Q: 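Below is a structure I'd like to ask you about.
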Number of protein chains: 2
Amino acid sequence: MKFDDKIPIYYQIKNYIYRQIIIGELAPGDKLPAVRQLAVDLTVNVNTVQRALGELISEKIIEPQRGKGNFVTEDKQTIEKLKKLLITDQLKELYENLHKLNVTDQEILNYLQDYINERKQVQS
Amino acid sequence: MKFDDKIPIYYQIKNYIYRQIIIGELAPGDKLPAVRQLAVDLTVNVNTVQRALGELISEKIIEPQRGKGNFVTEDKQTIEKLKKLLITDQLKELYENLHKLNVTDQEILNYLQDYINERKQVQS
DNA sequence: TATAGTGTAATAGTAAAATATAACACTAGG
DNA sequence: CCTAGTGTTATATTTTACTATTACACTATA
């Protein structure tokens, strides 16, 4: 996995696991890979993985079971809320950053539409 | 100014100056505040300001004149390009992050429309 | 009961960002 | 020529993220 060197690795790992859960790659009740395995997979230190997991545990997104592993929460509502939160955070960031550049609401929508259209052009 | 502790301060300062230039708060040819003044205004160390300015200089966004100050480039095309780049970067980030959550193109547009509509509701 | 697999935590060391402080180089104006 | 204002650079220190390594605690199972 490639990391953005402007953002703490543990934070990027946290978001990576968020995504795995939201897209169902990790379903409710699923066991996460062992911390040492995650460390190897992501080529980072165990403590860095643990720091990310620690926050996910605090947020009740995963539940640790000593000697067994870490498990995705069974509470689907928590996951659904998380998904909405992440999406809203993204929209908020786009919106605020473009407004700081004096881009209007309508322009934001137009720019996004253009961007999506252009991506389709390139693909085909 | 409030800084995001997940992102280097010098990098946030760089983007702050980008914005000042793009919205015309700093016009082409304008002199920037003195580095020491910027440091005071942003409650940050001179070296941190200098690191941000150093990158802007490398990018030809500002031009330093020893003993006089730092000046915004006169080249309006450079500024226009910068604006487009920043906007595209923002769109790209939104697009990619939402796609990682399995959100489709159409959903992205709808979510953004909803988000903007809701903001208008709240304001009124 | 021994062992392998798991989470958890502590220690020590490294690297990068940021700070405090000082010094140097240039410009403009009295 | 002197001084104030400016950019530029260097040194030492602190803080935080990350790493390497080790150890401990718990679970399941042969």
Side-chain angles (χ1 to χ4, degrees), chain A residues 1-18 20-21 25-74, chain B residues 1-18 20-21 25-74:
Chain A
M1 183 173 173
K2 351 146 197 160
F3 294 106
D4 181 341
D5 65 5
K6 296 276 190 308
I7 303 172
I9 293 176
Y10 81 88
Y11 193 77
Q12 296 181 63
I13 293 175
K14 186 181 164 187
N15 278 289
Y16 168 71
I17 297 175
Y18 273 160
Q20 296 292 299
I21 293 175
E25 186 66 30
L26 288 171
D30 274 3
K31 178 178 168 305
L32 272 67
V35 288
R36 289 174 184 77
Q37 187 59 47
L38 275 175
V40 171
D41 294 348
L42 303 170
T43 59
V44 297
N45 190 271
V46 177
N47 291 322
T48 306
V49 172
Q50 197 64 22
R51 176 155 183 189
L53 297 189
E55 297 203 357
L56 294 171
I57 291 165
S58 299
E59 297 168 10
K60 306 286 180 66
I61 303 299
I62 64 176
E63 293 170 8
Q65 293 188 34
R66 209 186 179 90
K68 292 186 177 174
N70 288 291
F71 299 82
V72 178
T73 178
E74 300 274 6
Chain B
M1 182 172 172
K2 350 146 196 159
F3 294 107
D4 182 340
D5 64 5
K6 297 276 190 304
I7 304 172
I9 293 176
Y10 83 88
Y11 193 76
Q12 296 181 64
I13 293 174
K14 185 181 164 186
N15 277 289
Y16 168 71
I17 297 175
Y18 274 160
Q20 296 292 300
I21 294 175
E25 186 66 31
L26 288 172
D30 273 4
K31 179 178 166 303
L32 271 68
V35 288
R36 290 174 185 79
Q37 187 58 47
L38 275 173
V40 170
D41 294 348
L42 302 170
T43 57
V44 115
N45 190 273
V46 178
N47 292 321
T48 306
V49 171
Q50 196 65 21
R51 174 153 185 192
L53 297 189
E55 297 203 356
L56 294 171
I57 291 165
S58 299
E59 298 168 9
K60 307 285 180 68
I61 304 299
I62 64 176
E63 292 170 10
Q65 293 187 34
R66 210 186 179 91
K68 292 186 180 176
N70 287 291
F71 298 82
V72 178
T73 177
E74 300 273 7

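Numbered from 1 within each chain, the chains take letters A, B, ... in sequence-line order. As the structure is a computational prediction, the values presented were derived from the model and not from experiment.
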Q: Of all the nucleotides listed (C/dG7, D/dC18, D/dT8), which has the minimum atom distance to the side chain of A/R66?
A: C/dG7

Q: Quick one: which of D/dT19, C/dG7, C/dT19 gets closest to the side chain of A/I9?
A: D/dT19

Q: Could you check how far CG of A/N45 sits from C1' of D/dA17, rounded to whole Å?
A: 11 Å

Q: Rounded to whole angstroms, how far apart are CD on B/Q37 and P on D/dG7?
A: 10 Å

Q: Rounded to the Å, how far apart are A/K68 NZ and C/dT8 C1'?
A: 17 Å

Q: Ignoring hydrogens, what is the shortest heavy-atom contact between A/L56 and A/K14? Give both atom names and the distance.
A: CD2-CG, 3.8 Å

Q: CD of A/Q50 versus P of D/dT19: gap in Å, rounded?
A: 14 Å

Q: Classify the nucleic acid contact of A/N47 as base, sugar-phosphate or nothing, counting any heavy atom under 4.0 Å across all strands shown.
A: base

Q: Atom CD1 of B/I7 to atom C1' of C/dA18: distance rounded to whole Å?
A: 16 Å

Q: Out of the candidates B/N15, B/L26, B/V72, B/D30, only one should pair with B/Q20 under the side-chain contact (heavy atoms from CB on, under 4.5 Å) rule; please name it.
A: B/L26

Q: Starting at atom CD of A/Q65, determine the distance to atom C1' of C/dT6, rounded to an integer number of angstrom.
A: 11 Å

Q: Starting at CG of A/L32 and ending at C1' of C/dG7, how long is that distance when rounded to a whole Å?
A: 12 Å

Q: Using the side-chain heavy atoms of B/P64, tell me which of these nucleotides is nearest: C/dA18, D/dT8, C/dT8.
A: D/dT8

Q: Just the rounded figure in Å: distance from P of D/dG7 to CG of B/L56.
A: 13 Å

Q: How is A/R36 classified with respect to the nucleic acid when contacts are heavy atoms under 4.0 Å: base, sugar-phosphate, or nothing?
A: base

